[in-house]
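Lettering follows sequence order; numbering is per chain, from 1.
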There are 2 protein chains.
Amino acid sequence: MAGKKQIESAVSAQDPLKQKGLSVTDSRRKILQLFMQQKGALSHGDIEKKAGATFDRVTIYRTLQTFLDKGIIHAIPSANNAILYALCHEQCGPDHHDHQHIHFICSRCKHTFCLDHSVTPDLHLPKGYQAQDIDVLVKGVCKRCNTTSK
Amino acid sequence: MAGKKQIESAVSAQDPLKQKGLSVTDSRRKILQLFMQQKGALSHGDIEKKAGATFDRVTIYRTLQTFLDKGIIHAIPSANNAILYALCHEQCGPDHHDHQHIHFICSRCKHTFCLDHSVTPDLHLPKGYQAQDIDVLVKGVCKRCNTTSK
DNA sequence: TATCAAAAAGCAACAAGGTTGCAAAAATGA
DNA sequence: TCATTTTTGCAACCTTGTTGCTTTTTGATA
């Protein structure tokens with residue numbers, strides 16, 4: 001395969017996959033790399049397009065699930081029927097994702113970003129309701145779109 | 001059809017459908033009625049189950065889209081790939097939904113509720129980011145589940 | 001580096017969710 | 001009641017996601 005060398009060279013000695021106890025495979029390296037390059041959130045479909053015909057659809061699904069389980073990526077809720085995934089910046093582990101950041105959806109470029117801006121919304125839930133986890137979705141115009149073409 | 005009388009009797013003179021300039025049909029009445037009874041959010045699948053084999057799948061999709069467009073219901077983002085819909089309590093119109101309420105997802109009974117609790121999260125977005133709309137998703141235990149079985 | 005068990009990838013087939021075009025049926029207004 | 005417009009139902013299709021099983025690859029060991 002032509003792209004293999006390229007993939008390998010981009011992986012440093014401190015392989016995040018090994019750190020999480022995962023065996024290192026082409027698909028995992030490639031998908032992890034896509035997330036690191038992107039800086040935004042990716043859907044399964046995005047990855048399928050970017051990875052070309054390199055990997056089977058099922059492999060991508062399973063890799064995403066594995067990354068989720070290991071706390072490498074987290075899922076971002078959306079209203080358009082396509083789950084988005086992004087790298088976890090904090091130290092998330094299996095079974096506990098701890099994110100207190102905002103998910104920002106740009107209505108112009110349609111990208112979704114994680115803003116590492118620890119926000120605790122001022123919650124006053126009605127009596128009886130007990131909060132465990134909070135996700136703040138903000139729709140608006142992102143930095144790039146705001147500066148590029150006003 | 002056996003259930004038709006029942007549906008009609010539940011519709012008062014002040015038909016919300018007519019108010020929004022929609023023609024009144026069985027499916028629209030029935031689906032609107034389901035939302036009013038439910039008090040929680042419904043997915044397309046939920047409606048399909050509750051409506052039985054009364055309506056075609058496609059009709060339900062189109063009715064939901066129409067209700068969305070007219071500001072009768074709003075979509076709630078979720079992380080499990082099933083868009084939820086709930087009635088708009090405030091006066092929403094075509095092309096502008098204005099909700100400042102929390103969406104509460106109960107991790108026990110799996111229902112999603114709109115808490116009409118006007119919350120403005122303390123947002124400090126990084127420079128350049130411009131917020132238009134905010135959606136707060138809270139996962140936790142709802143009132144009923146908290147009191148019923150502790 | 002050759003070997004081997006365990007893990008992951010690929011393949012096929014399937015299920016669910018969602019969309020589109022078109023003909024038949026129902027709702028609205030005259 | 002009639003004609004026009006809107007909506008429904010149907011069929012067919014596409015996308016997204018899942019499952020079982022076989023083949024390939026990985027990582028550890030000799």
Subject >> Partner residues of A/S78 under the side chain to side chain contact (heavy atoms under 4.5 Å, CB included) criterion, sequence neighbours left out >> reply: A/N80
Original post:
Can you check the B/D15 CG to C/dA27 P distance for me, whole Å?
Top reply: 13 Å
Original post:
In whole angstroms, how far is the C1' atom of C/dA25 from the CG atom of B/D56?
Top reply: 14 Å
Subject >> Those residues that, when tested against B/F113, pass ring pair (Phe, Tyr, Trp, His ring centres under 6.0 Å) (two or more places apart) >> reply: none
Original post:
Rounded to the nearest Å, what distance is computed from the CG atom of residue B/D26 to the C1' atom of nucleotide D/dT6?
Top reply: 14 Å
Check the interface with nucleotides 28-30 of chain C: list each N/O to N/O pair with the protein under 3.5 Å, or write none.
unit_1 : atom_1 : unit_2 : atom_2 : d
C/dT28 : OP1    : B/V24  : N      : 2.8

Subject >> Partners passing side-chain hydrogen bond (donor to acceptor under 3.5 Å, both in side chains) against B/Q38 (at least two apart in sequence or in another chain) >> reply: none
Subject >> Flag, side chain of B/N146 to backbone of A/G128, donor-acceptor distance under 3.5 Å >> reply: yes
Original post:
What pairs with A/Q37 under side-chain hydrogen bond (donor to acceptor under 3.5 Å, both in side chains), at least two apart in sequence or on another chain?
Top reply: none
**OP:** Take the protein atom CD of B/E48 and the nucleotide atom P of C/dG17, then report the distance between them rounded to whole Å.
**Re:** 8 Å
Original post:
Taking atom C1' of C/dG10 as reference, at what distance in whole Å does atom CZ of A/F55 sit?
Top reply: 12 Å
Original post:
side-chain hydrogen bond (donor to acceptor under 3.5 Å, both in side chains) with A/T66: which residues, sequence neighbours excluded?
Top reply: none
**OP:** Would you kindly give the CG-to-P distance between B/L17 and C/dA27, to the nearest whole Å?
**Re:** 13 Å
Subject >> Rounded interatomic separation in angstrom, taking CG from B/L64 and P from D/dT8 >> reply: 11 Å
**OP:** Apply side-chain hydrogen bond (donor to acceptor under 3.5 Å, both in side chains) to A/S43 and list each qualifying residue two or more places apart in sequence or on a separate chain.
**Re:** A/D46
Original post:
Rounded to whole angstroms, how far apart are NZ on B/K30 and P on D/dT8?
Top reply: 15 Å
Subject >> side chain to side chain contact (heavy atoms under 4.5 Å, CB included) partners for B/S23, two or more places apart >> reply: B/R28
Subject >> End axis versus end axis in the helix from C/dT1-D/dA30 to C/dA30-D/dT1, the angle rounded to 10°, five pairs used at each terminus >> reply: 30°
Original post:
Are the side chain of B/H111 and the backbone of B/A41 linked by a donor-acceptor contact shorter than 3.5 Å?
Top reply: no
I'd like a list of close polar pairs between nucleotides 18-20 of chain C and the protein, N/O only, cut-off under 3.5 Å.
unit_1 : atom_1 : unit_2 : atom_2 : d
C/dG18 : OP1    : A/N81  : OD1    : 2.9
C/dG18 : OP1    : A/N81  : ND2    : 2.8
C/dG18 : OP2    : B/Y61  : OH     : 3.4
C/dG18 : N7     : B/R57  : NH1    : 3.2
C/dG18 : N7     : B/R57  : NH2    : 2.8
C/dG18 : O6     : B/R57  : NH2    : 2.9

**OP:** Would you classify A/S27 as touching base, sugar-phosphate or nothing, given that sugar-phosphate means primed atoms plus P, OP1 and OP2, and contacts are heavy atoms under 4.0 Å?
**Re:** sugar-phosphate
Subject >> A/K110: partners by side chain to side chain contact (heavy atoms under 4.5 Å, CB included), with sequence neighbours left out >> reply: none
Subject >> Contacts of B/L64 that satisfy side chain to side chain contact (heavy atoms under 4.5 Å, CB included) - sequence neighbours left out >> reply: B/F35, B/H44, B/I47, B/I60, B/I73, B/Y85
